[in-house]
Structure formats: C-alpha cells, structure tokens
Amino acid sequence: MTLEKNNWFRGLFCFLLLSIGAPAFLSANHFADSLPLILVTAAICMITCLFRSIIVRILFYLFFSIICLYHYFPGNTLSISWLFRFFSAFTAEISQLIQGELHYFPERASFLLVLLFVHLLVILTVDYDLWPIPFLVLMIYFMMLTVFRGYNLLGEMVWAVAVICTYLFIRQLFTLSAAPKSPQFLTITNLILALILGISASVPLFLPKVNQSLERTSEPIRNYLNEEGLYDTINDYQLSGSARTGFSENDEQLGGPLYDNNEIAFTAIQQGSSYWKIENKLVYTGSGWIEKPDAPIQPVQELPFQLNDYAGNILSEKETIQLKLHDQAYIPYPYGKLQVSKAPVSKEDSLFFLPDDQRFVSASNKENFSATLEVERLSYTNDALMSSRLSEEDQRTLQENLQLPDSLPARVSELAQELTKTADSLFEKTEAIQGYLKSQGNFRYSKTDAEHTPKDRDYVDYFLFDSKVGYCDNFSSSMVVLLRTLGIPARWAKGFTAGYRTSTEDSGAYRYEILNSHAHSWPEVFFPGFGWLPFEPTPAFINPALSAVEETRSEESAPVPSEKNEEQTSQSTVSSTESVEPSKIESSFSFSQMAKLLGIFLLLFFCLFLLSPLRKTVRWLLYSFYLTLFITKNTTAYQKLLKQFEKLIARNPAENLGSYSRRVEEQFGLSGQFISLTRQYEEELYGKKEVLLDKKPYLALAQTMRKIRMTSKQQKK
C-alpha cells in the first residue's frame with residue numbers, strides 16, 4: 001500500500017474501534033443518542049487522513065467538536081455566548097472536582113476529555129501507526145465499566161477483538177510489500193489471528209461457568225480489597241450513578257455491586273446495642289421499593305413523643321440513649337417501646353413523623369444535632385412466637401402490607417408454597433423462608449458480585465432463580481415478597497446495624513460509632529399479640545431485635561457485618577476497615593484529590609502538547625521511543641524512518657530510494673546520514689543478507705531532525 005492508502009486503512013480501523021466504545025461511554029453517562037458521537041468520530045478520522053497541515057486539522061477538529069458538544073449540551077442557539085457558558089460550566093465542574101466538592105466525574109468534563117482522547121487516539125493511529133493504543137485503551141475502559149458499573153460488555157469486547165484481528169490480517173497481506181515475508185509466515189500468522197478470533201467469538205458459550213468458578217475462588221481476595229479501600233479509591237474516579245454504602249432516600253431501582261463508605265453517620269451512647277431503624281417501605285414495584293403516595297405527615301410539636309407501644313411482657317428495663325447526628329434528616333431508633341424525650345423541636349427546627357413509613361424527619365438547619373431516646377428494648381424468645389395466629393381480620397386490617405405487583409412471576413409464589421408446605425404456624429412459615437434464604441437455598445452473600453437486574457425482569461425473581469448472589473437488599477426484599485404471597489403481612493425495613501463500640505463512658509455506658517457502611521435492610525413480620533418484629537435472612541447477620549441480648553463481643557472483637565440500602569446519589573467513600581480514623585480518612589481524600597488534579601493536568605498538557613508548535617518534534621521523539629523499545633531488525637528501523645521523512649517530503653511514485661535520500665539530504669542538510677542508512681538498507685534488501693541492527697545512527701539522525709524541526713520555521717519548501 002502507498003502511504004496515503006495506509007493512512008485511510010488506519011483511519012478506518014480506528015473509526016471502527018472507537019465506534020464500538022461510543023455507545024458504552026454514552027450509556028454510562030446517561031446520554032441517549034450515540035449516532036452524533038459516532039459521526040463526529042468518523043469526521044475526525046477523515047480529517048486526519050485527508051490533511052497533513054495541523055492548522056487545517058485544528059480548524060476542522062474545533063468545528064466538529066463544537067457541533068457535537070452543542071448536540072449533547074444544547075442551548076437556545078449555537079453562538080459564542082453558548083460556547084462561553086459551556087466552558088464556564090466546565091471550568092466550575094473541574095474546580096469543584098479539584099476541591100473535593102464532587103466525588104464523581106461530571107458529564108461535561110467527562111465528555112470533553114473523551115473528545116480530546118478521540119482526537120489523540122486517531123492521531124496516534126493514523127500518523128504514527130500506534131495501532132495497539134486505541135485497542136488497549138478501549139479494552140481497559142470496557143473492563144472498568146464491567147467491574148465497577150456492572151455493565152455487560154462481553155459482546156463489545158468480542159467485536160473489538162474481531163476488528164483488530166481483521167485489521168492485522170489485512171495488514172499482513174497488503175502492507176508488508178516493503179519487507180516480503182514467506183508464504184509460510186503469512187499462513188501461520190493469519191491462522192493464529194483466525195484462531196484468536198474464533199476463541200473470542202466462542203467465549204460467551206463457556207464464560208458463565210468459568211466466571212462463576214472464578215468469582216467463588218477469588219471472592220475472599222476481592223472482599224479483602226474492598227475492605228482495604230481499593231475499589232473505593234478507584235470509585236473516586238467513577239462517573240456518577242454507582243451504588244455506595246449509606247442511607248438513601250431512593251430505593252426505586254435496587255441491584256448492582258456495592259462499595260463501602262466509612263464516613264461516620266452518627267454516634268450513640270447506650271448500655272447495649274441493636275439495629276437502628278430509620279423507616280419502612282411498603283410498596284414493592286418489581287424493581288425496588290417506593291413510599292406510599294400521599295402518605296400523611298405528622299408534626300411533632302411536643303416532647304416526649306412515644307412510638308411502638310409493644311406489650312410489656314416482651315420488654316426489658318428502660319434505658320436512655322444519647323444520639324449525635326451528623327447533618328442527617330432522620331433520627332434512628334432501636335427496637336422496643338420508644339419515647340423521644342429530646343430532639344430539635346422549635347419554630348426554627350421542626351421535627352415530623354411519617355406514620356406509614358415509621359420515620360422521623362428532622363428539618364433542623366444545624367449541621368450537627370443531638371437527640372435523647374428512652375427505650376425498653378425487645379426481649380423475647382422464639383418459642384413465645386409459636387402461639388401467635390394470624391386471623392382474617394388481621395389480614396384485612398394490614399392489607400397494604402400484602403401488596404404485590406401484578407407482574408410478579410407465579411414461580412415466586414410457588415416457591416413460597418413449596419418451602420412452607422410442612423409448616424403450620426405463622427412462626428414456622430416465617431422461619432422456613434428465613435432459613436431457605438439464609439442457609440439452605442444455595443445463595444451467596446457478596447457486595448462486589450451482585451448483579452444488576454436485567455431489563456423487564458423482576459428484582460426478587462431474578463435473585464431467587466437466576467443470580468442467587470447479593471447482599472441485604474436482595475435477601476430482605478425476597479423474604480418480604482415470599483411472605484406476602486402466602487398472605488402474611490410483611491414490610492421492608494431499612495436503617496443501620498449496631499456499629500462499632502469505641503469506648504466506655506464514665507457512667508458505664510458505651511459509645512458506639514455507626515458508619516455509612518453499616519447501612520442495612522431487613523424484613524419485619526406482623527405477629528398478633530406482639531406487633532411488628534424484625535427478622536434477618538441475610539447470611540452472617542443476626543436478628544435485629546436480639547442483637548443486644550446476644551451480644552457478647554468486647555471492644556476488641558469483630559463488629560456486625562455492614563452493608564447498605566442502595567444509593568444512587570454520589571457520595572465519597574473510604575475503606576471499610578475496623579480501625580478507621582477521621583484523620584486517615586481526610587488524608588485519603590486529600591491524596592485522591594491530588595491524584596485527580598495531577599491526572600487531569602497531565603492529560604490536558606499532553607493533548608495541548610500534541611497540538612502546539614512543539615508537535616514538530618513529537619514524531620521524532622515517538623520514533624526514537626519505538627526504535628529503542630520495539631524494533632529489532634534493520635529493515636524495520638529503516639522503513640519506519642522512511643515513513644517519517646515521507647510525511648515531511650512526499651516521495652514521487654517512480655522515485656528510487658537513492659534519489660529520494662539525496663533530495664532529503666539537500667532539504668535538511670544531514671551530512672550523508674540518511675544516504676548511508678539508505679545504502680545499507682538496499683544492500684540488505686537486494687543482497688538477501690541480513691544486517692545486524694545498530695540503533696545508534698538511527699537515534700542520531702532522529703536527534704538531528706528534532707533539532708532541525710525545533711529551529712525551522714517551515715516544514716516543507
């Protein structure tokens with residue numbers, strides 16, 4: 001192929017590769033239409049192939065980039081004022097990111113940097129023939145989306161392998177004329193490429209089994225890395241929309257992997273420990289939980305305020321709990337007969353209670369506020385629940401706690417019937433379903449391996465019958481739904497586990513720190529004569545109401561496992577080790593912010609460097625780098641050198657290498673350096689005798705050209 005045809009061939013390869021990645025990038029950033037970005041990528045490739053002048057290229061690059069940006073970030077009209085507003089917003093996002101105010105990559109910054117990356121990858125491929133770089137960048141990006149965003153991009157990866165194998169196959173056949181290879185060489189190499197392509201196409205057939213085996217084998221390692229903060233650190237560079245541990249308002253779309261957030265949510269001074277309840281959700285939609293429409297709100301105008309009047313025979317002695325909350329709009333509380341005796345209640349700081357959701361909502365404008373709770377904790381045995389019977393009147397009264405979507409697959413109800421066919425009492429049925437989820441159903445607890453629910457699939461059904469891997473949201477939602485199919489009133493509860501016991505107060509009470517990573521969800525079941533009682537189907541967790549009674553751990557012992565209710569808003573995250581200190585957390589954030597700043601600065605600097613006047617020396621620096629690390633044959637070194645000169649001075653179709661090398665020498669005054677290397681190449685090529693590669697004259701010539709290009713004011717005569 002001629003140089004011009006080679007460029008078009010590389011441009012087509014780069015376009016096909018980048019167009020595979022465009023839909024995944026746009027989907028990850030919540031953009032709907034991928035065609036405009038693909039068309040702009042095609043335009044960039046065409047411009048790079050058509051024009052050698054960097055000035056002409058830049059003008060066209062800017063034109064198409066602005067059109068693309070306007071399509072995805074539209075304004076009233078495409079004008080200079082819109083452009084200024086866009087870059088003003090971009091600058092503000094970068095500033096917020098650097099200062100740590102944003103813990104995700106904003107969409108404007110992300111889109112603009114990706115556009116710069118597209119330009120850079122096309123230039124490196126077309127001008128410098130660095131074809132592995134766009135492929136490697138694309139595959140790394142796909143793997144990041146797969147691991148940290150739960151995307152299934154296996155098909156895109158197979159297509160990318162197919163494109164690069166096809167490119168190399170054609171390259172072998174048509175682009176090696178300057179250095180002929182034997183038929184055996186071409187046959188063997190192309191067979192290897194065909195084999196790679198065949199393996200990549202067949203990967204989807206056997207990958208699920210291999211993937212499951214690898215998941216189970218590597219789970220302890222990945223859990224350790226999660227607890228040590230590896231995923232958390234990488235997540236700081238993520239785009240928005242990923243799930244992190246912590247209490248959240250929005251539970252409409254559950255599912256997907258989970259990464260720990262060890263910021264302190266609140267502290268408590270108390271005698272014993274138990275789960276901390278925040279609220280209930282009653283309406284299951286098939287994809288998550290929502291609040292009841294038009295749920296009543298009750299203002300708390302006077303204290304004390306009493307909640308959960310359980311029967312006295314299942315309560316322990318009264319205990320006072322001191323809470324200190326950190327900028328939350330809720331007040332957590334333990335299970336038992338509860339009375340809020342102190343909280344922000346005034347004209348400026350209002351407190352509300354939602355009876356349906358069983359939730360306190362604080363409208364305090366204070367960053368930190370305190371609350372005092374008087375509680376008689378639950379204290380009962382499972383045997384006491386055996387006598388509880390559910391009547392038809394109970395079911396009618398609690399009808400809203402039996403709600404299920406019409407789309408729920410019938411096999412969920414059939415499973416519940418099968419699990420409880422030998423159970424007689426309400427307690428036995430509840431225990432049968434809890435036991436199946438907790439230990440008997442071959443389910444696996446994992447925050448890092450939890451899958452996103454496929455489109456048009458029920459969240460509970462997919463977990464019970466397909467993935468069987470998940471965390472508290474999966475297990476608790478499944479138990480509530482299974483119980484409701486049996487006509488047993490159940491509701492979804494969310495809050496926090498017990499937290500860490502950190503010290504002992506002078507009064508003898510203990511201080512607990514509850515972190516965002518302790519966020520958790522569990523089911524509640526109604527037992528006549530007792531009330532709403534919590535259960536725990538998630539493996540490795542204990543019953544929320546009994547944790548205070550059964551707790552035997554000392555200050556140094558391991559805490560209750562921690563989790564979350566899915567959070568779609570972006571929050572900062574830290575490692576989930578037991579001995580996290582605030583100073584260490586702040587230090588890790590500072591390091592993360594510095595790393596972000598450095599990465600953005602280097603990327604922008606490198607892109608601007610390629611487009612600046614210093615670009616005149618870039619191709620010779622790249623040639624020297626490529627020669628030093630990768631080239632092992634003299635013929636290859638000369639061919640790459642020849643391409644660099646042909647980009648500066650066009651070679652006539654009928655011009656031989658000797659004449660061309662003399663013309664280059666006259667143009668740049670190289671003192672015979674290029675002529676000498678040309679003669680050596682021709683002797684090797686036509687004499688059929690291999691010459692050992694000496695890189696010194698090639699590197700010296702490249703150094704000479706760098707100096708000439710730095711001082712020269714024109715590239716061509």
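- A salt bridge links Asp251 with Lys494: at least one charged nitrogen is closer than 4.0 Å to a carboxylate oxygen.
- Below 30°, between 30° and 60°, or above 60°: for Tyr380 and Phe530 the angle between ring planes is between 30° and 60°, a tilted geometry.
- With hydrogens and angles disregarded, a donor-acceptor distance shorter than 3.5 Å links the side chain of Ser287 to the backbone of Glu252.
- Side-chain contact check for Tyr275 and Glu536: at least one donor-acceptor pair (N or O, by modelled atom type) lies under 3.5 Å.
- Using cut-offs of 30° and 60° on the angle between ring planes, the pair Trp492 and Trp289 is parallel.
- The closest donor-acceptor contact from the side chain of Arg484 to the backbone of Ala490 lies under 3.5 Å.
- Proximity of Phe535 to Leu483: side-chain heavy atoms (C-beta onward) are nowhere separated by under 4.5 Å.
- Counting heavy atoms from C-beta on, the side chains of Arg359 and Val361 come closer than 4.5 Å.
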*Run the side-chain contact (heavy atoms from CB on, under 4.5 Å) check on Tyr436 and Phe443 step by step: do they pass?*
CA-CA 9 Å; Tyr436 175 74; Phe443 295 96; 3.5 Å; yes
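- The two residues Leu303 and Val340 come nearest to each other via the heavy atoms CD2-O, 3.5 Å.
- At a cut-off of 3.5 Å, with distance as the only test, a side-chain donor of Asp458 or Tyr284 sits close to an acceptor on the other residue.
- No side-chain donor-acceptor contact under 3.5 Å links Gln399 to the backbone of Arg396.
- Note that OG of Ser370 is 6.5 Å distant from NZ of Lys324, once rounded to the nearest 0.5 Å.
- With respect to Glu319 and Arg377, a salt bridge is recorded, a charged nitrogen being found less than 4.0 Å from a carboxylate O.
- Rounding to the nearest 0.5 angstrom, the gap separating the CZ atom in Arg491 from the CG atom in Asn401 is 6.5 Å.
- Note: Tyr500 and Tyr510 fail the aromatic proximity criterion, with ring centroids not under 6.0 Å apart.
- Checked for salt-bridge contact, Lys337 and Glu374 miss the test: no charged N lies under 4.0 Å from a carboxylate O.
- Side-chain contact check for Ile433 versus Pro537: every heavy-atom pair is 4.5 Å or farther apart.
- Taking the six-membered ring for Trp and the full ring otherwise, the centers of Phe353 and Phe305 sit less than 6.0 Å from each other.
- Side-chain atoms of Ser476 and Ser521 include a donor-acceptor pair closer than 3.5 Å.
- Counting only N and O atoms by type, the side chains of Tyr335 and Glu524 include a donor and acceptor under 3.5 Å apart.
- Lys429 has its side chain within reach of Ile488: a pair of non-hydrogen atoms, C-beta onward, lies under 4.5 Å apart.
- The two atoms that bring Gln270 and Trp276 nearest to each other are NE2-CZ2, 3.3 Å, heavy atoms only.
- Counting only distance, with no hydrogens or angles, the side chain of Ser274 and the backbone of Pro334 share no donor-acceptor pair below 3.5 Å.
- At distances below 3.5 Å, not a single donor-acceptor pair connects side-chain atoms of Thr453 with backbone N or O atoms of Gly255.
- Taking every heavy atom of both residues into account, Ala265 and Asn516 meet most closely at CB-OD1, 3.8 Å.
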*Applying ring pair (Phe, Tyr, Trp, His ring centres under 6.0 Å), run through Phe463 and Tyr471 and close with a yes or a no.*
CA-CA 10 Å; Phe463 169 69; Tyr471 43 90; 9.3 Å; no
*Evaluate the side-chain contact (heavy atoms from CB on, under 4.5 Å) criterion for residues Ile514 and Tyr512: first the C-alpha distance (whole Å), next the side-chain angles of each, then the deciding distance (0.1 Å), finally the verdict.*
CA-CA 6 Å; Ile514 295 85; Tyr512 286 79; 4.0 Å; yes
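- With rounding to the nearest 0.5 angstrom, the CZ atom of Phe427 is 15.0 Å from the CG atom of Leu390.
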_Evaluate Phe541 against His520 for ring pair (Phe, Tyr, Trp, His ring centres under 6.0 Å), listing each step before the verdict._
CA-CA 10 Å; Phe541 288 73; His520 190 52; 4.3 Å; yes
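- For the residue pair Glu513 / Thr267, no side-chain donor-acceptor distance below 3.5 Å is found, with atom types taken as modelled.
- Taken from CD in Gln322 to OG in Ser507, the straight-line distance is 9.0 Å, to the nearest 0.5 Å.
- Using modelled atom types, one side-chain atom of Glu428 and one backbone atom of Asp424 make a donor-acceptor pair closer than 3.5 Å.
- No side-chain donor from either of Glu392 and Gln395 sits under 3.5 Å from a side-chain acceptor of the other.
- Inspection of the Asp394 and Ser391 side chains reveals an N or O donor paired with an N or O acceptor under 3.5 Å.
- Side-chain atoms of Leu323 and Thr372, non-hydrogen and from C-beta on, never get closer than 4.5 Å to each other.
- Geometrically, Lys277 does not engage Tyr333 in a cation-pi contact defined by less than 6.0 Å to the ring centre and at most 45° from the axis.
- Pairing each heavy atom of Cys472 with each of Thr538, the nearest pair is CA-OG1, 3.5 Å.
- Remark: side-chain polar atoms of Ser273 are not paired, donor with acceptor, to backbone N or O of Ala498 under 3.5 angstrom.
- At a cut-off of 3.5 Å, with distance as the only test, no side-chain donor of Asn474 or Tyr445 sits close to an acceptor on the other residue.
- Closest approach of Leu373 to Ser341, counting heavy atoms only: N-OG, 4.4 Å.
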*Please report the C-alpha distance between Phe360 and Leu354 in whole Å, then the side-chain angles of each, then the deciding distance to 0.1 Å, and finally whether the side-chain contact (heavy atoms from CB on, under 4.5 Å) criterion is met.*
CA-CA 6 Å; Phe360 288 101; Leu354 284 65; over 6 Å; no
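- Between Trp522 and Phe475, every side-chain heavy-atom pair lies at or beyond the 4.5 Å cut-off.
- Thr485 contributes a side-chain N or O that, together with a main-chain N or O of Leu482, makes up a donor-acceptor pair within less than 3.5 Å.
- Closest heavy-atom contact between Pro332 and Ile278: CB-CD1, 3.5 Å.
- Atom CG of Leu515 is separated from atom CD1 of Ile264 by 6.0 Å, given to the nearest 0.5 angstrom.
- Residues Thr430 and Thr420 have side chains not in contact (no heavy-atom distance under 4.5 Å, counting atoms from C-beta outward).
- Using a distance-only test at 3.5 Å, with no hydrogens or angles considered, a donor-acceptor pair links the side chain of Gln358 to the main chain of Pro355.
- Residues Val525 and Leu533 fail the side-chain proximity criterion, which asks for heavy atoms closer than 4.5 Å.
- Rounding to the nearest 0.5 angstrom, the gap separating the CG atom in Leu426 from the CZ atom in Arg389 is 8.5 Å.
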_Derivation and outcome, side-chain contact (heavy atoms from CB on, under 4.5 Å), residues Lys281 and Glu291_ = CA-CA 6 Å; Lys281 291 285 179 72; Glu291 296 178 352; 3.5 Å; yes
